[in-house]
**Q** 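Would you mind keeping the following structure in view while I ask a few things?
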Amino acid sequence: MDVRVRNQSLSQIETDVLILPLFEGAAVAADLDPAVGGLVAQATGTRDFAGEKDQVTVLYTGGKVAARKLLLLGLGKESKSDYRALRRAAGVGARAARESGASSIAFSLPPAAGLSPEKVAQFVTEGALHGLYRFQSYKSEPKEKPQVASIAILGGSEIEAGVAYGQAVAEGVNLARALTWMPGNHLTATVLAEKAGEVCQAGNIEIEVYDKKGCEELGLGLLLAVNQGSKEEPRFIVMRYKGNGGQGPWLGFVGKGITFDTGGISIKPSDGMWDMKDDMGGAAAVLGAMATIARVKPKADVLAIIASTDNMPDGNAYKPGDVIRGLSGKTVEVRSTDAEGRLVLADGLAYAAKQGCQKLVTASTLTGAANIALGPIRFGIVSNNEAWEEQIFLAAEAAGERGWRLPHDEEYYDLFKSPIADMSNTGTGRSAGTTVGGLFLMKHVGDTPCVHMDIAAQIWRHNADKFEDVGATGAGVRTFVQAAMAFAEGK
Ligand code: BES
Ligand code: MN
Ligand code: ZN
């Protein structure tokens, strides 16, 4: 996609569709409307277009200005507006413009009371690229034509950095979406490692990939147990971005890369099981974030880990009741082979902690309970450290994602005690499922501050929406990127 800043007036810009974002009741583009004979004022005056959220009206300019069409884009009430709302609007507008046949689009940026023009440009760019994304890799005939090929953002040099940042973020998010869309027969752990290799090569990031034998040598007993029932080899992927010269302190990211989760011997019901191809969404978020980080270059050292395998039932598969030991040295009684994510993550986190990371962040589609507790609106945050938890909560907010902190009182650890091992991999019945999943991880990092993001309810959009296509969302990428930016500033 060709994205560029253009310092041109509304009537000069040559484009298929010029998008005009408007708040409810806002006065209209004074420099444009006279040129088109008061068209815009007519639409807004007749209530055909009231500026409501998600509202879109397309007008032909009749050749009176350089743009072929105008698209009035409702932003809702100005008092309720923020960067997230602008990002959404940009996606809605870009998709509506494509629907109307545009191959080039231009955005006029909304007047931003209290918001910085650079960040408005960033979020508008991000929203447009996010909205336009469709996964069509397996379609013999790509669906709708034409595709949007170029986006112009109207403004001067003050928005250049914002546009570049927004594009880097959106492309990392869209990379994560593409990986998450890929089915389990195409995206095996081996292929995921190859994809990671491509990202690292392009971004000048060091990478080490451990195969099954390598995992054995490292002592990743929990990842290997989950992999036992699979005919595919596991992969343990270690990436090092040296934005601070590699002298540390290191920020550690860990992603759950279950390329398909059948539940294993504790097998899942078959209805909707196809959806478990998205069980590597946390890993995709880590990789997407590293792709973005390589472009926006925070002055931070980041160690990023992906622990990947599928979770299959088989004669060799690990079983409920098995006792296994991972890299942290702690023993785990397997009460459910379907609680596999916390096992592979525990090894990834233990590795990152042993490598000396100062702080850790992990993302995973860990529990169905996260959807019960919070729905798709906010992801679950579980941590062993309140100051670090606060930083990640704020990083999510700043990046336009939203999390919510779950409790971590000592008593919650009692919910997954085991009579035979150091801990069980499940809690008591359905009690506090998301907290238990997260606190299980904390048992494997020693004293290192660690935040777990349970993105199970965010990773896949099941219903059509005006902002983003059905399917993979790329949840988690933006928070990881923002965490690295903040870490570079000592936060
Ligand atoms: N990948 C699932 C979690 C999940 C469920 C994500 C539904 C998205 C939608 C995870 O591995 C899992 O199976 N978790 C179990 C944990 C339980 C056995 C303690 C769950 O949530 O039921
Ligand atoms: Mn599972
Ligand atoms: Zn899973």
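For ligands, and for the atoms within them, numbers begin at 1 and follow the listed sequence. Keep in mind that the numbers below use all heavy atoms, side chains included, and drop hydrogens, waters and symmetry copies.
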**Q** Out of Ser336, Gly433, Gly427, Gly341, who is nearest to atom 18 (C) of ligand 1 when you count heavy atoms only?
**A**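 Going through Ser336, Gly433, Gly427, Gly341 one by one, Ser336 has the nearest heavy atom to atom 18 (C) of ligand 1.
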
**Q** Verify, without hydrogens or angle tests, whether Arg95 (side chain) and Lys466 (backbone) share a donor-acceptor contact under 3.5 angstrom.
**A**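 Answer holds: yes.
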
**Q** May I ask you to decide whether Asp279 forms a salt bridge with Lys256, counting only side-chain N to carboxylate O separations under 4.0 Å?
**A**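 Yes, this pair counts.
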
**Q** Touching ligand 1 at all, Met273? Heavy atoms, strictly under 4.0 Å?
**A**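 Heavy atoms of Met273 never come under 4.0 Å of ligand 1.
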
**Q** Is it true that Glu217 and Lys213 make a salt bridge, defined as a side-chain N closer than 4.0 Å to a carboxylate O?
**A**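 Answer for the salt bridge query: yes.
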
**Q** Can you confirm whether some protein heavy atom lies under 4.0 Å from atom 22 (O) of ligand 1, or whether none does?
**A**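 So atom 22 (O) of ligand 1 lacks protein heavy-atom neighbours under 4.0 Å.
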
**Q** Decide whether Thr262 and Asn311 meet the rule of one side-chain donor and one side-chain acceptor closer than 3.5 Å.
**A**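 No, no side-chain donor-acceptor pair sits under 3.5 Å.
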
**Q** How far is atom 7 (C) of ligand 1 from its nearest protein heavy atom, and which residue and atom name does that atom have?
**A**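 Protein heavy atom at minimum distance: Met276 CE, 3.7 Å.
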
**Q** Looking only at distances, can you tell me whether any N or O atom of Asp279, backbone or side chain, sits closer than 3.5 Å to an N or O atom of ligand 1?
**A**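 There is such a contact, yes.
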
**Q** For Val451, run the side chain to side chain contact (heavy atoms under 4.5 Å, CB included) check against Ile392, Thr479, Leu441 and tell me which one passes.
**A**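 Single pass found, and it is Ile392.
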
**Q** Ignoring waters, how many N, O or S atoms from the protein are under 2.8 Å from the Mn ion (ligand 2)?
**A**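 Near the Mn ion (ligand 2), the number of protein N, O or S atoms below 2.8 Å is 4.
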
**Q** Do the charged groups of Arg378 and Glu397 touch, with an N to O distance under 4.0 Å?
**A**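 Here Arg378 pairs with Glu397 in a salt bridge, since their nearest N and O are under 4.0 Å apart.
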
**Q** Geometry only, no angles: is Arg342 polar-contacting ligand 1 at N/O separations under 3.5 Å?
**A**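 The answer is no, given that Arg342 and ligand 1 share no N or O pair closer than 3.5 Å.
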
**Q** Heavy-atom contact under 4.0 Å between Lys256 and ligand 1?
**A**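 Yes.
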
**Q** Just checking, any donor-acceptor pair under 3.5 angstrom between side chains of Arg295 and Gln167?
**A**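 No donor-acceptor contact under 3.5 Å links the two side chains.
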
**Q** Salt-bridge test for Arg405 and Glu390: reply yes if a basic N is under 4.0 Å from a carboxylate O, no otherwise.
**A**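 A salt bridge links Arg405 with Glu390.
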
**Q** Are the charged groups of Asp465 and Arg88 less than 4.0 angstrom apart, N to O?
**A**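 Between Arg88 and Asp465 there is a salt bridge, with a charged N closer than 4.0 Å to a carboxylate O.
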
**Q** Looking only at protein heavy atoms, identify the closest one to atom 20 (C) of ligand 1 and say how far it is in Å.
**A**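 Protein heavy atom at minimum distance: Gly368 N, 4.0 Å.
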
**Q** For side chain to side chain donor-acceptor pair (under 3.5 Å), just list the numbers for Glu333 and Ser418, CA-CA rounded to whole Å, side-chain angles, deciding distance to a tenth of an Å, and then say yes or no.
**A** CA-CA 7 Å; Glu333 179 188 6; Ser418 162; 2.6 Å; yes

**Q** Below 3.5 angstrom, do we get any N/O pair linking Thr426 and ligand 1?
**A**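 By distance alone, the answer is no.
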
**Q** Ignoring hydrogens and angles, tell me if any N or O in the side chain of Asp347 forms a donor-acceptor pair with the backbone of Leu222 under 3.5 Å.
**A**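 A pair under 3.5 Å: yes.
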
**Q** For the Zn ion (ligand 3), give me the closest N/O/S atom belonging to Asp279, just the atom name.
**A**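 Checking each N, O and S atom of Asp279, the shortest distance to the Zn ion (ligand 3) belongs to OD2.
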
**Q** Would Arg478 and Glu401 pass as an ion pair if we require N to O under 4.0 Å?
**A**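 Salt bridge: yes.
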
**Q** Any idea which protein heavy atom is nearest atom 2 (C) of ligand 1, and the distance to it?
**A**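 Here the nearest protein heavy atom works out to Asp261 OD2, 3.6 Å.
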
**Q** So, regarding Glu340 and ligand 1 (criterion: nitrogen or oxygen to nitrogen or oxygen, under 3.5 Å), is there a contact or not?
**A**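 Yes, there is a polar N/O contact under 3.5 Å.
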
**Q** Report the nearest protein non-hydrogen atom to atom 15 (C) of ligand 1: residue, atom name, distance rounded to 0.1 Å.
**A**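 The closest heavy atom on the protein side is Asp338 O, 4.0 Å.
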
**Q** Answer yes when Arg87 and Glu126 have at least one side-chain N-carboxylate O distance shorter than 4.0 Å, and no when they do not.
**A**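 Looking at Glu126 together with Arg87, the answer is yes, because their closest N to O distance falls below 4.0 Å.
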
**Q** Will you find, in the side chains of Thr434 and Thr367, an N or O donor that is under 3.5 Å from an N or O acceptor?
**A**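 Yes, side-chain donor-acceptor contact under 3.5 Å.
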
**Q** Strictly under 4.0 Å, does any heavy atom of Arg335 approach an atom of ligand 1?
**A**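 No, Arg335 has no heavy atoms under 4.0 Å from ligand 1.
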
**Q** With a cut-off of 2.8 Å, does Gly263 put an N/O/S atom close enough to the Zn ion (ligand 3)?
**A**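 It does not; every qualifying atom lies at 2.8 Å or beyond.
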
**Q** Backbone or side chain, does Asp261 get an N/O/S atom under 2.8 Å to the Zn ion (ligand 3)?
**A**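 Yes, Asp261 qualifies, because one of its backbone or side-chain N, O or S atoms lies under 2.8 Å.
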
**Q** Under 3.5 Å, side chain of Asp261 to main-chain N/O of Met276, donor-acceptor pair present?
**A**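 Not at all, since once roles are kept as given, no pair shorter than 3.5 Å links the two residues.
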
**Q** Among protein heavy atoms, which sits nearest to atom 14 (N) of ligand 1, and what does the distance come to when rounded to 0.1 Å?
**A**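 For atom 14 (N) of ligand 1, the nearest protein heavy atom comes out as Leu366 O, 3.3 Å.
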
**Q** Among the N, O or S atoms of Glu340, which one sits nearest to the Zn ion (ligand 3)?
**A**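 Result for Glu340 and the Zn ion (ligand 3): OE2.
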
